[in-house]
Undergrad: 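Can you read through this structure? Questions will come right after.
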There are 2 protein chains.
Amino acid sequence: MTRRSTLGARNRGIPEATVARLPVYLRALHTLAERGVVTVSSEELAAAAGVNSAKLRKDLSHLGSYGTRGVGYEVQYLVYQISRELGLTQDWSVAIVGLGNLGRALAGYGGFASRGFRMSALLDADPAIVGDRINGLTVEHIDKLEQVITDCGISIAVLAVPASAAQAVCDRVVASGVTSILNFAPVVLTVPDGVDVRKVDLSIELQILAFHEQRKAGGPGGVEQEYLEAVDGS
Amino acid sequence: MTRRSTLGARNRGIPEATVARLPVYLRALHTLAERGVVTVSSEELAAAAGVNSAKLRKDLSHLGSYGTRGVGYEVQYLVYQISRELGLTQDWSVAIVGLGNLGRALAGYGGFASRGFRMSALLDADPAIVGDRINGLTVEHIDKLEQVITDCGISIAVLAVPASAAQAVCDRVVASGVTSILNFAPVVLTVPDGVDVRKVDLSIELQILAFHEQRKAGGPGGVEQEYLEAVDGS
DNA sequence: AAGCCTTTGTGAACGCACGCACAAAGTCGG
DNA sequence: CCGACTTTGTGCGTGCGTTCACAAAGGCTT
Ligand SMILES: NC(=O)c1ccc[n+]([C@@H]2O[C@H](COP(=O)([O-])OP(=O)(O)OC[C@H]3O[C@@H](n4cnc5c(N)ncnc54)[C@H](O)[C@@H]3O)[C@@H](O)[C@H]2O)c1
Ligand SMILES: NC(=O)c1ccc[n+]([C@@H]2O[C@H](COP(=O)([O-])OP(=O)(O)OC[C@H]3O[C@@H](n4cnc5c(N)ncnc54)[C@H](O)[C@@H]3O)[C@@H](O)[C@H]2O)c1
């Protein structure tokens, strides 16, 4: 059978690397759309997204054949297809746990709502923080976690609590039915199968930059006998 | 000569994937050290870091042979070796540009200093913000950018400015001598060769989670004829 | 209607990364 | 001093991701 069946190019099983780039393409497309651009070639879009054009085309080919040869891709249509693939045609309710420095910044950020992510619940353990209103939402006490998550139909949680509390909070949100977690605490979270965790660790990012920075400056080599000096104070 | 030469296992050219994991190992090692652990096996450390033990050993082998067969790795010694490889035996001066919601959270965070990153300069364009004291530092006007970066010997900059200003600010910090950038603005930055950019995009992280979340719920397939409905209001 | 020009979609080659599995190396008890 | 046991360091097979390069496809002009 030469004919392509129902799931032809639309093979369930989009490479993870591709999934991670789709939001970048989407952002570039939104910018183009605002500028009134109707059609875009893979070359132009790739440049806007900061990737190789072959890679872009292969990525898009995983969703289907949505381009027109000799012309390019229709911006609006592609926005819709990528959005659909990413699950952005529906709204997602998100809970933020931990409304300290970072949690507040996240709760007050407008860039999420525009992508279909609604911050539906803010939770904290500190009585001094519970009751605060942030961006139109009231901070609830962590004791209401299970109730709030169930009531709001929340499946995504953002953890902005101290590292020492992260695993415990994680366990609770998972027990309440959350299956996707964005973790800011510098710890490795353990979760059951079927639960996705993504971590954002700013300290790690800086350390990676420092590594390359050091390379540019000449590298660590040269001095070999420094350990004893560094450890032994004498 | 059987003795390992200056560059033996210490091959210049550590895989990028390894570099990204070294900070995770380092964090796990610090935790173990605090707990008084002297020696750790690859199996234990791998578990603490959430990776495969073979991967851990291969990663560490890129720095040299710092383990003892039959015993494991000495925690303190390994901390030192990884720190040195990452360039954390020296302090790094970092500038934060944009002291809005996010910039403030970053400036107030204590977790950076403990890794050798000193926030040396805070810069913003808003006169209402310039002069504020955050965590013992005064916010300077962006006009002093070049001067401050030069004076403090800053080579790493964190950008927490609006997307619309990011590229312009980026160009300025690069022109001032910064060669490593951590970017929070949702834009693709263009920089000259030799400058490293790492991006942190929380919106993208949520979108990736949404993609997998949708999969768990049954996937987008099924309904094929939705585009016209979605675009055309009628 | 035909041919030219542009751009897509993908086959194929390559390189990196992961993880298994094991020999070599070292420890520790007797 | 020796033998059993533990754990490292790595060779190797496998799979994923990237990139090149080009045939096929469609539009546009004449
Ligand atoms: N602020 C930053 O820039 C930054 C940078 C990198 C990483 N982080 C990490 O992000 C996390 C939050 O950072 P932060 O600066 O906002 O810390 P923070 O101390 O300001 O805020 C933590 C909040 O969590 C709350 N909390 C503590 N235990 C809780 C529990 N069991 N249940 C619910 N809430 C609880 C606290 O009341 C507090 O409001 C930390 O893990 C930190 O390491 C922060
Ligand atoms: N707050 C969040 O949780 C969050 C989440 C994801 C992404 N981001 C991104 O991080 C960036 C900062 O977010 P935010 O919420 O802190 O925004 P914000 O508007 O609160 O702060 C931006 C700051 O940058 C300053 N600024 C503007 N133009 C400047 C210039 N040319 N030079 C120097 N300073 C300038 C402003 O005065 C302001 O203080 C944005 O690009 C945003 O999209 C923020």
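Small disclaimer: the values here were computed from a predicted structure and weren't measured. Within every chain, numbering begins at 1; the chains are lettered A, B, ... in the order of the sequence lines, protein sequences first and strands thereafter.
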Undergrad: For A:Gly50 and B:Val188, work out which heavy atoms get closest and say how close.
TA: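 Between these two residues, the closest heavy atoms are CA-CG1, 4.0 Å.
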Undergrad: Would you say A:Ser65 reaches C:dG9's phosphate, i.e. side-chain N/O to OP1/OP2 under 4.0 Å?
TA: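 True: A:Ser65 side-chain N/O within range (under 4.0 Å) of C:dG9 OP1/OP2.
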Undergrad: Expressed in angstrom and rounded to an integer, what is the separation of A:Glu43 atom CD from C:dG9 atom P?
TA: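 Distance, rounded to whole Å: 14 Å.
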Undergrad: Any donor-acceptor pair under 3.5 Å linking the side-chain atoms of A:Thr89 with those of A:Arg84?
TA: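 Note: A:Arg84 and A:Thr89 side chains miss the donor-acceptor criterion.
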Undergrad: Below 4.0 angstrom from OP1 or OP2 of D:dT8, is there any side-chain N or O of B:Ser42?
TA: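 True: B:Ser42 side-chain N/O within range (under 4.0 Å) of D:dT8 OP1/OP2.
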Undergrad: Do A:Thr18 side-chain atoms and A:Ile14 backbone N/O form a donor-acceptor pair below 3.5 Å?
TA: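 No; judged by distance alone, with no hydrogens or angles, the pair does not exist.
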Undergrad: Side-chain donor-acceptor pair under 3.5 Å between A:Ser180 and B:Glu213, yes or no?
TA: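 Yes.
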Undergrad: Any chance the rings of B:Tyr73 and B:Tyr66 have centres within less than 6.0 Å?
TA: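 That pair fails the under 6.0 Å test.
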Undergrad: What is the distance, to the nearest angstrom, from the CG atom on A:Asp59 to the P atom on D:dG17?
TA: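 From A:Asp59 CG to D:dG17 P: 10 Å.
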Undergrad: What is the minimum heavy-atom distance between B:Gly111 and A:Ser203, and which atoms define it?
TA: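 So the two residues come closest at O-OG, 4.2 Å.
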Undergrad: Show each protein N/O and nucleotides 1-3 of chain D N/O combination with a separation under 3.5 Å, one pair to a line.
TA:
none

Undergrad: Short of 4.0 Å, heavy atom to strand atom, which residues of residues 16-26 of chain B count as contacting DNA chain C?
TA: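 Result for residues 16-26 of chain B: B:Glu16, B:Ala17, B:Arg21, sorted by number.
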Undergrad: Any idea which heavy atoms bring B:Val173 and B:Val97 closest together, and the distance?
TA: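 Scanning both residues, the minimum pair turns out to be CG1-CG2, 4.4 Å.
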Undergrad: Could you state the CG-C1' distance from B:Leu63 to D:dT10, rounded to the nearest angstrom?
TA: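 Distance, rounded to whole Å: 15 Å.
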Undergrad: Distance only, no hydrogens: is a donor on one side chain within 3.5 Å (strictly under) of an acceptor on the other, for A:Gln81 and A:Tyr77?
TA: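 On atom types as modelled, these side chains qualify, holding a pair under 3.5 Å.
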Undergrad: Atom CG of A:Leu45 to atom P of C:dT7: distance rounded to whole Å?
TA: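 The answer, rounded to whole Å, is 14 Å.
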Undergrad: Check whether any side-chain nitrogen or oxygen of B:Asn52 sits under 4.0 Å from OP1 or OP2 of C:dA17, and answer yes or no.
TA: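 No, no such contact exists.
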Undergrad: Specify the closest pair of heavy atoms between B:Pro23 and A:Ile204, including all atoms of both residues, with the distance to one decimal.
TA: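 Reported closest heavy-atom pair: CB-CG1, 3.7 Å.
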Undergrad: Decide yes or no, distance alone: a donor-acceptor N/O pair under 3.5 angstrom between the base of D:dT18 and the side-chain of A:Lys58.
TA: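 No, the side chain and the base share no sub-3.5 Å donor-acceptor pair.
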Undergrad: State whether A:Tyr73 places a side-chain N or O below 4.0 Å from either non-bridging phosphate oxygen (OP1 or OP2) of C:dG9.
TA: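 Yes, because at least one side-chain N or O of A:Tyr73 sits under 4.0 Å from OP1 or OP2 of C:dG9.
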Undergrad: Produce a footprint string for nucleotides 25-30 of chain D: one letter per nucleotide, 5' end first; B if the base is under 4.0 Å from any protein heavy atom, S if only the sugar-phosphate is, - if neither.
TA: BSS---
Undergrad: Figure out the NE2/P separation between A:His62 and D:dC16, and round it to whole Å.
TA: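 The distance from NE2 of A:His62 to P of D:dC16 comes to 11 Å, rounded to the nearest Å.
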Undergrad: Between C:dC14 atom C1' and A:Lys55 atom NZ, what is the distance in whole Å?
TA: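 Taking atom C1' of C:dC14 as the reference, NZ of A:Lys55 is at 14 Å.
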Undergrad: Measure CD1/B:Ile14 against P/C:dA17 and give the value in whole Å, please.
TA: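 To the nearest whole Å, that distance equals 12 Å.
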Undergrad: Can you tell me how far P of D:dA24 sits from CZ of A:Arg57, to the nearest Å?
TA: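 From A:Arg57 CZ to D:dA24 P: 16 Å.
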Undergrad: Counting N and O atoms only, with roles assigned by atom type, does the side chain of A:Gln214 sit under 3.5 Å from a partner on the main chain of B:Glu85, one being a donor and the other an acceptor?
TA: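 Yes; judged by distance alone, with no hydrogens or angles, the pair exists.
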Undergrad: With a 3.5 Å distance limit and no angle check, can you tell me whether A:Glu44 reaches the backbone of A:Ser41 through a side-chain donor-acceptor pair?
TA: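 Here the side-chain-to-backbone pair exists.
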Undergrad: Under 6.0 Å between ring centres, would you say that holds for A:Tyr109 and A:Phe112?
TA: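 Yes, the ring centres sit under 6.0 Å apart.
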